[in-house]
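Notes follow the structure.
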Protein chains: 2
Amino acid sequence: MLDMRSIGDDRTTRAVIRDEALRLFAAHGPEAVTVRQIASAAGVSPGLVVHHFGSKDGLRREVDQYVLDVFEAMLGELTGEGGAELFDPGAGASSLSEAFARHLPDDSPLPGYLRRLLLSDTGAGRLLFRQLYDLSRATLDGLAAAGLAAPGRDPEVRAALLLANDLALFLLRDRLAEVLGTDPLSADGMTRWAPEMLSIYAGGLNAAPPRPQGDNP
Amino acid sequence: MLDMRSIGDDRTTRAVIRDEALRLFAAHGPEAVTVRQIASAAGVSPGLVVHHFGSKDGLRREVDQYVLDVFEAMLGELTGEGGAELFDPGAGASSLSEAFARHLPDDSPLPGYLRRLLLSDTGAGRLLFRQLYDLSRATLDGLAAAGLAAPGRDPEVRAALLLANDLALFLLRDRLAEVLGTDPLSADGMTRWAPEMLSIYAGGLNAAPPRPQGDNP
DNA sequence: ACCTGGACTGAACAATCGTTTAGCATGCTG
DNA sequence: CAGCATGCTAAACGATTGTTCAGTCCAGGT
């Protein structure tokens with residue numbers, strides 16, 4: 001059989017379809033994307049999409065699961081590094097969003113897809129948020145045990161609040177980039193964003209700004 | 001002509017169609033809602049929808065504008081009250097989201113529509129976010145002038161951050177309600193949420209929790 | 001009383017949707 | 001070599017989409 005795929009691409013045709021669907025779903029939403037668009041983007045016939053995934057909804061469910069798997073793998077890698085990175089507000093990674101964005105190429109459709117998933121009112125979205133919430137609670141516990149943060153009067157709410165603040169950066173990324181002129185999840189954006197966030201978390205809105213390197217006290 | 005509308009409803013048929021479209025768009029997204037569904041919900045024929053609004057997209061644009069107008073009116077009312085409510089973190093309204101939710105009935109489709117609008121990558125969404133950002137900057141200026149908050153090292157970013165945190169409550173409302181067991185925008189939810197938020201803004205993550213009424217110091 | 005114009009319907013339009021089917025080519029297995 | 005499963009396409013299916021059209025109804029102006 002002649003290989004339909006261009007040389008240097010070792011993905012199966014099935015994987016190509018899934019990846020193109022992922023990209024299109026992330027960009028326009030699953031409901032706005034047609035089977036024919038996916039097939040065309042993958043360079044195959046519409047019938048083959050259904051042949052491989054049963055139906056458009058079957059494809060959507062498989063893409064959901066795929067994204068969840070990739071995300072879980074990244075999460076495991078992150079917490080597996082000793083977890084120190086997530087526990088220390090002074091470390092390089094100051095937020096889940098940043099750590100996540102930093103582990104992905106700039107043009108990855110995954111952030112967009114995750115954004116949709118988180119707000120989509122589906123089982124996959126609920127599961128994802130629940131996992132993130134559990135991680136947020138564990139992180140807050142870790143910070144509290146290390147004396148780096150108080151658990152607050154209502155730790156459940158505090159963990160949810162920290163998670164929501166973190167995800168806001170993720171969900172509103174495009175809008176924030178518009179008004180700030182910088183993508184807050186890029187390397188440049190983070191050097192602006194992180195200090196402000198850490199300053200508030202360290203001492204609230206009235207705290208004196210942390211001195212830049214070499215500043216006077 | 002016999003009045004098509006049920007007694008006690010003084011809206012024009014055109015307004016009924018717009019309202020039903022608003023409700024359905026907010027619930028399922030404009031792309032997932034058909035003209036026939038809107039017409040059926042409004043108790044009219046599909047042709048009449050097009051007759052009044054030119055096209056489905058014309059209807060969507062008009063609903064966008066309508067929501068923007070309603071929102072702007074509420075915003076004007078809010079800042080018109082002297083603005084004190086928004087400037088004082090200790091006052092009743094501790095966030096834009098809360099003030100907004102409190103001015104609407106519980107079953108209002110407006111929050112859902114605004115959520116979609118903010119993330120929709122349309123002109124209306126961009127305009128809305130820009131207005132909110134301007135308000136956030138003005139509020140931060142006011143707080144700084146009153147000595148209630150420092151403008152931070154990068155006031156633009158700080159205002160964006162405060163806005164994003166505020167909107168996160170709005171965007172993730174359903175997800176937060178799931179994990180917390182309480183709608184964070186309800187009256188009950190706010191009594192849990194606001195103190196945590198204010199505590200962080202007042203003194204950071206390490207601050208001692210503000211004493212509840214009658215507590216020992 | 002006549003006319004005009006707008007609200008409104010029911011039926012139909014072409015286009016596009018997700019999906020099905022028949023069939024071709026290929027590679028593996030007995 | 002025959003047989004069969006698999007990857008895949010081209011064409012067509014019925015359903016549904018947004019939209020159009022012809023025509024009915026009724027209020028208001030002259």
Side-chain angles (χ1 to χ4, degrees), chain A residues 1-66 116 120 122 124, chain B residues 1-66 116 120 122 124:
Chain A
M1 178 185 70
L2 198 69
D3 197 340
M4 297 297 147
R5 300 163 253 131
S6 60
I7 55 175
D9 186 353
D10 58 348
R11 295 176 298 173
T12 64
T13 302
R14 197 173 190 278
V16 172
I17 296 175
R18 166 176 42 67
D19 289 349
E20 290 300 319
L22 164 55
R23 190 176 57 83
L24 289 169
F25 286 170
H28 311 106
E31 279 140 3
V33 176
T34 70
V35 173
R36 283 171 177 82
Q37 285 173 343
I38 299 169
S40 171
V44 299
S45 70
L48 189 62
V49 175
V50 179
H51 170 72
H52 274 306
F53 300 94
S55 68
K56 179 187 174 181
D57 198 65
L59 171 58
R60 192 195 51 76
R61 268 184 274 114
E62 179 143 336
V63 174
D64 276 5
Q65 191 57 52
Y66 174 73
R116 257 172 224 284
S120 69
T122 63
Chain B
M1 177 183 72
L2 199 69
D3 196 342
M4 297 297 148
R5 300 162 253 134
S6 59
I7 56 174
D9 187 351
D10 59 347
R11 295 175 299 173
T12 63
T13 303
R14 196 172 190 280
V16 172
I17 295 174
R18 167 177 41 68
D19 290 349
E20 291 300 319
L22 165 53
R23 190 176 57 83
L24 289 169
F25 285 169
H28 311 106
E31 280 140 1
V33 176
T34 70
V35 173
R36 284 170 176 81
Q37 285 173 342
I38 299 169
S40 171
V44 300
S45 70
L48 189 62
V49 175
V50 180
H51 170 71
H52 275 305
F53 300 93
S55 67
K56 179 187 175 181
D57 198 64
L59 171 58
R60 190 195 52 75
R61 269 184 273 114
E62 180 143 337
V63 173
D64 276 5
Q65 191 56 52
Y66 174 74
R116 259 175 223 283
S120 69
T122 64

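Please read all numbers here as calculations on a predicted model, not as lab measurements. Residue numbering restarts at 1 for every chain, and letters A, B, ... go by the order of the sequence lines.
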Requested in this report: Indicate whether OP1 or OP2 belonging to C:dC8 is found under 4.0 Å from a side-chain N or O atom of B:Thr13.
Outcome: yes
**Report entry** A:Lys56, nearest nucleotide to its side chain (from D:dT9, C:dG10, C:dG18)
**Finding:** C:dG18
Query raised in the report: Given atom CG of B:Leu24 and atom P of D:dG18, what is their separation to the nearest angstrom?
Result: 12 Å
Query raised in the report: Among D:dT20, C:dA12, C:dG18, which is the nearest nucleotide to the side chain of B:Val50?
Result: D:dT20
Report task. Report yes if the side chains of B:Glu20 and B:Ile17 come closer than 4.5 Å at any heavy-atom pair, otherwise no. Result -> no
Query raised in the report: Reckon A:Val33 touches a base, only the sugar-phosphate, or nothing at all at heavy-atom distances under 4.0 Å?
Result: sugar-phosphate
**Report entry** Quiz item: cation-pi between A:Arg60 and A:Phe25, 6.0 Å / 45°
**Finding:** no
Report task. Quickly work out the A:Phe53 CZ to C:dG18 C1' distance and round it to whole Å. Result -> 16 Å
Report summary line: Per atom distances to the B:Ser55 side chain, the nearest of C:dG10, C:dC17, D:dT19 is D:dT19
Query raised in the report: Among D:dT19, C:dC8, D:dT9, which nucleotide sits nearest the side chain of B:Pro46?
Result: D:dT19
Query raised in the report: Considering only C:dG18, C:dT9, D:dT9, which nucleotide approaches the side chain of B:Leu48 most closely?
Result: C:dT9
Query raised in the report: In whole angstroms, how far is the P atom of D:dG7 from the CZ atom of A:Arg11?
Result: 17 Å
Query raised in the report: Is the closest basic N to carboxylate O distance between A:Arg116 and A:Glu31 below 4.0 Å?
Result: no
Query - Cation-pi geometry met for A:Arg61 and A:Phe53 (6.0 Å, 45°) - result: no
Requested in this report: Would you mind classifying the nucleic acid contact of B:Thr34 as base, sugar-phosphate or nothing, using non-hydrogen atoms under 4.0 angstrom?
Outcome: sugar-phosphate
Requested in this report: Could you check how far CZ of B:Arg60 sits from P of D:dG18, rounded to whole Å?
Outcome: 13 Å
Query raised in the report: Below 4.5 Å, heavy atoms only, C-beta onward: do B:Val63 and B:Leu59 meet side chain to side chain?
Result: yes
Report summary line: When A:Gly54 and B:Arg36 are each assigned the nearest nucleotide of DNA chain C, the 5'-most assignment goes to B:Arg36
Query raised in the report: How many Å lie between CD on B:Glu31 and P on C:dG18, as a whole number?
Result: 13 Å
Query raised in the report: Would one find a side-chain N or O of B:His51 under 4.0 angstrom from OP1 or OP2 of D:dT19?
Result: no
